[in-house]
Amino acid sequence: MGTRTQRRRPELAAFLRSRRARVTPADVGMPPGLRRRTPGLRREEVAQLSGVGVTWYTWLEQGRPINASPQVLDAVARTLRLDPPEREHLYRLAEVPFEPDPEGLTRRISPEVQGVVDALDPMPATVYNARYDVLATNAAYRDLFLVPETLAPGVPNVLWTLFTLPDPLSPLVHREKELPLMVATLRSAYGRHVGEHAWEEYIRGLSAASPWFAELWASGEVVTPGPRVKVFRHSAVGEMRMTSQSLSIDGMPECRIVVYTPEDEETRAKTAALRERRERLWPPALNN
């Protein structure tokens with residue numbers, strides 16, 4: 001047994017005991033009973049409610065070297081009323097590949113985060129998760145990217161859009177240079193999610209939709225996110241040079257606000273022109 005595993009076992013045992021102690025019988029619809037010395041649920045009650053054997057759960061809580069499946073850990077997590085960060089912590093301590101709840105795949109953006117993104121206008125800003133799903137945008141981002149051509153694929157994912165649009169319709173200039181870097185960035189995040197159903201389906205689906213993506217994915221290249229100067233094209237104003245900068249978000253691991261700032265005065269003027277165009281076509285009064 002490795003040193004990391006030896007350290008995880010006591011942590012797992014202590015974590016499970018602490019979570020069990022805070023759940024009362026009333027929380028799970030059980031009568032309190034007499035002579036209850038345990039502050040929360042008993043081990044046998046957790047086992048019963050989770051549909052696992054008492055001995056198995058006891059060994060798990062004692063930190064013994066037993067195997068745990070995601071299905072069993074999910075059952076224990078539900079019984080102990082674990083929130084998403086606690087559930088992930090349980091998986092890590094049990095050394096089981098973590099997969100978010102299916103409901104957690106579509107993350108909600110808080111009004112505060114949306115407010116920050118909106119306030120960055122006239123600079124285009126968006127919120128991506130590690131798979132490049134688009135979780136939030138501001139009006140300037142929509143000015144630049146959400147033109148009818150990019151809406152055609154109907155998938156709110158940047159990589160899916162860029163790999164399935166014909167090159168003449170892509171808002172990204174120099175695709176041959178930029179898309180390999182984006183795929184390598186995706187792979188750096190994928191390392192934390194190997195084997196998770198949602199990620200594997202995403203990779204398989206995009207590989208089937210784009211042979212080029214499949215080729216790049218097979219190359220195994222890995223890079224981490226970082227600021228880059230990118231060139232975009234827009235039918236109304238032409239080419240624009242923008243620097244992308246990622247900002248982390250407290251409470252939203254693996255999500256980031258990406259802000260695009262003009263690289264030169266010409267692009268700054270074009271950004272302002274797109275905003276004026278938006279306000280001319282869709283005056284604010286129409287949205288009130």
Assess the side chains of Asp133 and Asn157: does a donor N or O sit below 3.5 Å from an acceptor N or O? yes
Between Ala13 and Gly63, the two heavy atoms sitting closest are CB-N, 4.0 Å
Flag side-chain contact, heavy atom, 4.5 Å: Met240 against Val231: no
Can Glu45 and Arg20 be counted as an ion pair, charged N to O under 4.0 angstrom? no
Between Ala189 and Trp199, which heavy-atom pair has the shortest distance, and what is it? CB-CH2, 4.0 Å
Among residues at least two apart in sequence or on other chains, which ones pass side-chain hydrogen bond (donor to acceptor under 3.5 Å, both in side chains) with Thr79? Ser50
Quick check: does any side chain N or O of Thr243 sit under 3.5 Å from a backbone N or O of Arg228, one acting as donor and the other as acceptor? no
Could you tell me whether a side-chain N or O of Asn138 sits under 3.5 Å from a main-chain N or O of Ala125, the two making a donor and an acceptor? yes
Is there a side-chain contact between Arg187 and Glu221 in this structure, where contact means two heavy atoms from C-beta onward sitting under 4.5 Å apart? no
How about Asp167 and Ser170: does a side-chain donor come under 3.5 Å of a side-chain acceptor? no
Between Val117 and Thr126 the two heavy atoms that sit nearest each other are CG1-N, 4.4 Å
Apart from Val222 itself, what residues make up its hydrophobic cluster when side-chain heavy atoms of I, L, V, M, F, W and Y under 4.5 Å apart count as a link, directly or indirectly? none
Has Ser210 got a side-chain atom pairing as donor or acceptor with Ser207's backbone, closer than 3.5 angstrom? no
Less than 4.5 Å apart, any side-chain heavy atom of Leu135 and any of Cys255? yes
Side-chain donor or acceptor of Thr164 paired with backbone N/O of Trp160 under 3.5 Å: yes
Is the closest side-chain heavy-atom distance between Arg87 and Arg78 below 4.5 Å? no
Residues Leu172 and Arg233: closest non-hydrogen pair is O-NH1, 3.8 Å
Calculate, to the nearest 0.5 Å, the distance between atoms CG and CG belonging to Leu90 and Leu82 respectively. 6.0 Å
Under 3.5 Å donor-acceptor, Tyr91 side chain and Pro70 backbone: yes
Kindly say whether Thr137 contributes a backbone atom to a donor-acceptor pair with the side chain of Arg142 at under 3.5 angstrom? yes
Between CZ on residue Arg64 and CG on residue Leu12, distance to nearest 0.5 Å: 13.5 Å
Can a donor-acceptor pair be found, under 3.5 Å and without considering hydrogens, that links the side chain of Lys270 to the backbone of Val237? yes
Between Glu279 and Arg275, is the closest basic N to carboxylate O distance under 4.0 Å? yes
Considering only heavy atoms from C-beta outward, does the side chain of Phe145 approach that of Val134 to under 4.5 Å? no
Between Arg256 and Ser248, is any side-chain donor less than 3.5 angstrom from a side-chain acceptor? no
Can you check whether Pro227's main-chain N or O pairs, donor with acceptor, with Ser244's side chain at less than 3.5 Å? no
Would you mind checking if Arg17 and Glu11 are paired as a salt bridge, meaning a charged N to carboxylate O distance below 4.0 Å? no
Is any side-chain heavy atom of Leu165 less than 4.5 Å from a side-chain heavy atom of Pro171? yes
Ion pair Glu178/Arg175, N-O distance below 4.0 Å: no
Quick one: do Arg19 and Glu86 make a salt bridge, cutoff under 4.0 Å? yes
Pair Arg278 + Asp121, salt bridge at N-O below 4.0 Å: yes
Taking the six-membered ring for Trp, are the ring centroids of Phe163 and Trp217 within less than 6.0 Å of each other? no
Taking only residues two or more places apart in sequence or in another chain, which ones pass salt bridge (charged side-chain N to carboxylate O under 4.0 Å, His left out) with Glu44? none
Between CG of Leu49 and CG of Leu80, what distance do you get to the nearest 0.5 Å? 9.5 Å
Do Leu60 and Val52 touch side chain to side chain, with heavy atoms closer than 4.5 Å? no
Can you label the angle between the Tyr141 ring and the Tyr260 ring as parallel, tilted or perpendicular, going by 30° and 60°? tilted
Side chain to side chain, Val259 and Thr261, heavy atoms closer than 4.5 Å: yes
Heavy atoms of Val76 and Tyr57 approach each other most closely as CG1-CE1, 4.1 Å
From CG (Leu144) to CE (Met242), nearest 0.5 Å: 6.0 Å
Return yes if some donor-acceptor pair links the side-chain N/O of Tyr202 with the main-chain N/O of Arg131 below 3.5 Å, else return no. yes
For residues Gln114 and Ala136, report the shortest heavy-atom separation together with the two atoms involved. OE1-CB, 3.5 Å
Give a yes or no on whether Leu93 and Val96 share a hydrophobic cluster (residues Ile, Leu, Val, Met, Phe, Trp, Tyr; joining criterion: side-chain heavy atoms under 4.5 Å apart). yes
Spatial distance of atom CG (Asp143) from atom OG1 (Thr271) [nearest 0.5 Å]: 9.5 Å
